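Take a look at the structure below.
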Amino acid sequence: MRGGPFADNPPMPEAPRTEATVVIEEGRRLSESLIWRLQRGFYARAGLAAWKPKAVPFYITSNAFTARAYARTVAGFLRDLVAAGQVDRTAPVHLVELAAGSGQFACFFLRRLAEIQEEVPSLAGLDLRYVMTDFAESNVAAWEAHERLAPFQDQGRLDFALFDLERDRELRLRRAGVTLSAGSVANPMVLLANYAFDSTTQDAFQVQDGVLHERLARVLSTQEERDLDDPGLLQRIQVRYDLAPVDETKRYEDPRLRSLLEGYRRDYAEASFLLPLGAFRCVRTFEALCGGRLLLLTGDKAITRDDEIEHAKDPTFYIHAGGAFSFLANLHALARGFEQAGGTALVVDRRDQRLKVAALLTAFPGVEWDETRLAFRRSQEDFGPADYHALVFGLRQQNATMPLQVILSQLRLGGWDYELVFSWRDPIVKLAPQAPAWQQADLADALERVWEEYYPLQRDLAFELARIFVVLKRPQQALRFAHESLRTHGPHELTYLSIAYSCVLLGRHAEAVSWLDRALELTPDNPAVASLRATLLKGSAGSGPDA
């Protein structure tokens with residue numbers, strides 16, 4: 001079997017366990033620490049491999065359910081703009097995804113938004129342009145070449161930009177050949193940021209007895225370090241802090257940042273918080289592009305509540321297995337910043353910090369956010385992405401088996417989330433042959449829908465589907481997926497075995513033997529292959545496997 005269930009998506013990353021004692025940097029503002037240079041180096045080197053199994057977590061923000069929830073929220077925003085007459089239908093509406101990662105979220109989101117646009121008359125004819133961005137050229141080039149993103153490019157719905165969210169002030173759209181610069185965008189914009197702001201520059205502060213202090217970073221390693229650009233350094237370091245009093249009225253040039261610091265000092269006798277500088281800089285950039293008419297829809301492991309700030313503990317520095325790091329994003333501060341500027345903040349107010357979503361709107365005179373609020377409540381608060389992740393992850397952890405009908409219900413709930421096939425593949429293979437014909441037909445239909453929604457990364461869904469269709473005794477479908485597996489992931493003895501079983505079901509025994517011969521070339525001592533081959537050569541092959 002190829003790849004484990006939710007193998008790349010632990011509920012929360014773990015901090016390093018080995019105690020670090022060697023100081024390699026101290027007395028620095030957190031935003032000026034060497035850790036950010038190391039972070040940028042990791043993502044520049046890793047490219048799309050950053051999102052391989054057991055590397056940087058991404059499933060919780062990039063599955064089909066989450067993308068559907070975001071699409072519904074964005075559609076509510078667009079309906080409110082149209083109702084208020086604040087969309088120029090002769091110009092595109094740009095939806096920009098920051099640090100678009102594997103590209104999976106964009107693919108799922110675009111499918112769902114296209115469906116909504118077809119179903120909602122007020123959105124018909126809007127020229128919606130999705131823009132995927134990253135600062136790494138290798139990522140952008142990979143998206144441009146990805147076969148599942150090609151249809152959106154052909155339709156003119158998808159573009160790409162090489163964009164550093166903390167440094168750049170313009171976006172050059174690679175397909176359209178135009179540059180979005182300050183004041184050049186005719187329509188309001190949507191900014192999408194998933195697991196983006198938890199790994200961009202922050203400063204750290206603490207309020208003690210009504211006095212504001214800055215936490216100055218002290219970076220320690222588990223060993224002496226001669227090369228501070230060593231790619232492996234992030235796996236060895238920990239961050240500690242030393243307090244220094246600071247005057248909030250002089251700390252930043254940006255008056256909105258000064259106002260936030262003043263508010264935290266004034267409103268809390270004791271507090272510990274990060275100020276997301278990278279996020280605020282990025283928001284300022286997009287406000288300038290679109291004349292201050294912006295929706296920021298962001299999901300992150302984050303803090304949003306007063307009781308998550310009113311303590312004296314150091315910020316947690318999470319090291320991911322792949323070699324990157326993150327903090328808890330301070331959506332509390334982002335929401336305050338939008339509200340202080342006259343905007344609106346819709347925030348999922350949960351204590352589960354693994355994923356919180358916020359829809360942050362700048363001031364739009366004359367717009368009532370009825371549709372946006374309704375969509376946000378239904379898709380994010382009532383039962384949102386964090387709830388979905390907790391449900392499907394918890395079911396898989398607690399149960400080695402599951403009734404087939406419950407598995408099918410999860411697939412429907414998840415918008416045909418292909419991760420569920422990896423999660424439940426063994427129970428499906430076990431239960432499918434004994435299921436009634438109507439349920440087998442439902443399963444077959446569901447698996448075809450899952451394939452339509454699939455976004456290929458490292459794991460081989462086609463292989464798993466071939467295996468399931470064999471036990472369903474649907475050889476034509478099994479053959480189609482087995483050959484797709486060979487095309488995308490290369491030779492494998494189990495793929496050859498699935499093809500051989502399919503040929504047996506079709507009565508093509510000689511062809512089956514030839515595929516078994518290929519399997520034996522890869523694994524000469526495979527007893528299942530050898531046994532089936534011997535049976536076929538004796539002319540007594542059965543009707544195929546039943547497990």
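These figures come from a predicted structure and were not determined experimentally.
The closest side-chain donor-acceptor pair between D417 and Y388 falls under 3.5 angstrom.
To the nearest 0.5 Å, the span separating CD on Q104 from OH on Y418 amounts to 3.5 Å. Rounding to the nearest 0.5 Å places CG of L443 at 10.5 Å from CD of E448. Considering CG of L296 and CZ of F197, their distance stands at 5.0 Å, rounded to 0.5 Å. Note: Q458 CD to H489 NE2 = 8.0 Å, rounded to the nearest 0.5 Å. Rounding to the nearest 0.5 Å places OG of S102 at 9.0 Å from CH2 of W143. Between the CH2 atom in W416 and the CG atom in L447 there is a gap of 9.5 Å [rounded to 0.5 Å].
For the pair S31 (side chain) and D203 (backbone), a donor-acceptor distance under 3.5 Å is absent. At distances below 3.5 Å, at least one donor-acceptor pair connects side-chain atoms of S379 with backbone N or O atoms of A69. For H146 (side chain) and P456 (main-chain N/O), a donor-acceptor pair under 3.5 Å exists by modelled atom type. Here the side chain of N330 pairs no donor or acceptor atom with the backbone of P276 at under 3.5 angstrom. Formation of a donor-acceptor pair under 3.5 Å by the N63 side chain with backbone atoms of F65 is found in this model. In this structure, the side chain of E97 does not engage the main chain of L95 through any donor-acceptor pair within 3.5 Å. Looking at R474, its side chain never comes within 3.5 Å of a backbone N or O of F469 through a donor-acceptor pair. Listed for the T66 side chain is no donor-acceptor partner under 3.5 Å among the backbone atoms of T61. One N or O on the side chain of R258 and one on the backbone of E253 form a donor-acceptor pair closer than 3.5 Å. Counting only distance, with no hydrogens or angles, the side chain of S423 and the backbone of L420 share no donor-acceptor pair below 3.5 Å.
Scanning all heavy atoms of the two residues, the minimum distance from A193 to L98 falls at CB-CD1, 4.0 Å. Across V140 and A161, no two heavy atoms sit closer than the pair CG2-O, 4.0 Å. For the pair T362 and G292, the tightest heavy-atom approach, listed with the atom from each and the gap, is OG1-O, 2.6 Å.
Between L294 and L361, every side-chain heavy-atom pair lies at or beyond the 4.5 Å cut-off. The closest side-chain heavy-atom distance from Q353 to L328 is below 4.5 Å. Proximity of R350 to D387: side-chain heavy atoms (C-beta onward) are separated by under 4.5 Å at one or more points. Residues D134 and Y43 have side chains not in contact (no heavy-atom distance under 4.5 Å, counting atoms from C-beta outward). Considering only heavy atoms from C-beta on, L171 comes within 4.5 Å of V131 through its side chain. With contacts defined as side-chain heavy-atom distances shorter than 4.5 Å, the pair I60/Y195 qualifies. Side-chain atoms of L162 and R172, non-hydrogen and from C-beta on, never get closer than 4.5 Å to each other. Counting heavy atoms from C-beta on, the side chains of Q439 and Q405 come closer than 4.5 Å.
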Residues R351, D307; criterion side chain to side chain contact (heavy atoms under 4.5 Å, CB included); working and verdict
CA-CA 9 Å; R351 290 182 173 84; D307 58 10; 3.4 Å; yes

List the steps and the verdict of salt bridge (charged side-chain N to carboxylate O under 4.0 Å, His left out) for E453 and R412.
CA-CA 12 Å; E453 295 297 327; R412 294 187 188 97; over 6 Å; no

Q117 vs R157, side chain to side chain contact (heavy atoms under 4.5 Å, CB included): CA-CA, chis, key distance, verdict:
CA-CA 12 Å; Q117 193 174 9; R157 300 173 66 90; 3.5 Å; yes

Applying salt bridge (charged side-chain N to carboxylate O under 4.0 Å, His left out) to E419 and R459, what does each step give before you reach the verdict?
CA-CA 10 Å; E419 283 286 352; R459 291 191 291 168; 2.5 Å; yes

Show your working on side chain to side chain contact (heavy atoms under 4.5 Å, CB included) between Y252 and L277 and close with a plain yes or no.
CA-CA 10 Å; Y252 296 109; L277 297 188; 3.8 Å; yes

Checking salt bridge (charged side-chain N to carboxylate O under 4.0 Å, His left out) for the pair R89/D127: CA distance, chi angles, key distance, verdict?
CA-CA 7 Å; R89 288 183 173 271; D127 183 4; over 6 Å; no

Start with the C-alpha distance between T249 and E262, add both sets of side-chain angles, then the distance that settles side-chain hydrogen bond (donor to acceptor under 3.5 Å, both in side chains), and finish with yes or no.
CA-CA 7 Å; T249 66; E262 183 180 1; over 6 Å; no

Quick one: do W369 and F376 satisfy ring-ring contact (aromatic ring centres under 6.0 Å, His included)? Show the steps, please.
CA-CA 10 Å; W369 298 120; F376 187 84; over 10 Å; no

Set out, in order, the CA-CA distance, both residues' side-chain angles and the distance that settles side chain to side chain contact (heavy atoms under 4.5 Å, CB included) for L461 and F422, then state yes or no.
CA-CA 8 Å; L461 179 65; F422 286 105; 4.1 Å; yes

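With respect to the salt-bridge test (charged N to carboxylate O, under 4.0 angstrom), the residues E137 and R174 qualify. R373 and E381 are not joined by a salt bridge, as no carboxylate oxygen comes within less than 4.0 angstrom of a charged side-chain nitrogen. Contact check on R148 versus E452 returns no salt bridge, with no Lys/Arg side-chain nitrogen under 4.0 Å from an Asp/Glu carboxylate oxygen. Ion pairing between E147 and R487 holds under the 4.0 Å rule for side-chain N and carboxylate O. Here R175 does not pair with D159 in a salt bridge; the nearest charged N to carboxylate O distance is not below 4.0 Å. In summary, D349 and R305 engage in a salt bridge, as defined by a charged side-chain N under 4.0 Å from a carboxylate O. A salt bridge is defined here as a Lys NZ or Arg NE, NH1 or NH2 lying under 4.0 Å from an Asp or Glu carboxylate O, and D370 with R79 fails to meet this definition.
Tested against E287, the residues R293, R281, R256 include a single salt bridge (charged side-chain N to carboxylate O under 4.0 Å, His left out) partner, R256. A ring-ring contact (aromatic ring centres under 6.0 Å, His included) with Y70 is found for one member of F109, F105, F108 and no other, namely F105.
Taking the six-membered ring for Trp, F152 and F160 have ring centres at least 6.0 Å apart. With ring centers used as reference points, F317 lies under 6.0 Å from F327.
Using the six-membered ring where Trp is involved, F273 and F205 have ring planes that are parallel, under 30° apart on the 30 and 60° scheme.
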Under 3.5 Å, which donor-acceptor pairs link side chains of residues 333-347 to any protein atom two or more places apart or in another chain?
from, atom 1, to, atom 2, distance (Å)
R336, NH1, D267, OD2, 3.3
R336, NH2, D267, OD2, 2.9
Q340, OE1, S259, OG, 3.1

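Qualifying side chain to side chain contact (heavy atoms under 4.5 Å, CB included) partners for D88, counting only residues two or more places apart in sequence or in other chains: T90, A91, A186, N187.
Annotation for R378: atom CZ does not count as buried by contact number, only 12 or fewer foreign heavy atoms lying within 6.0 Å.
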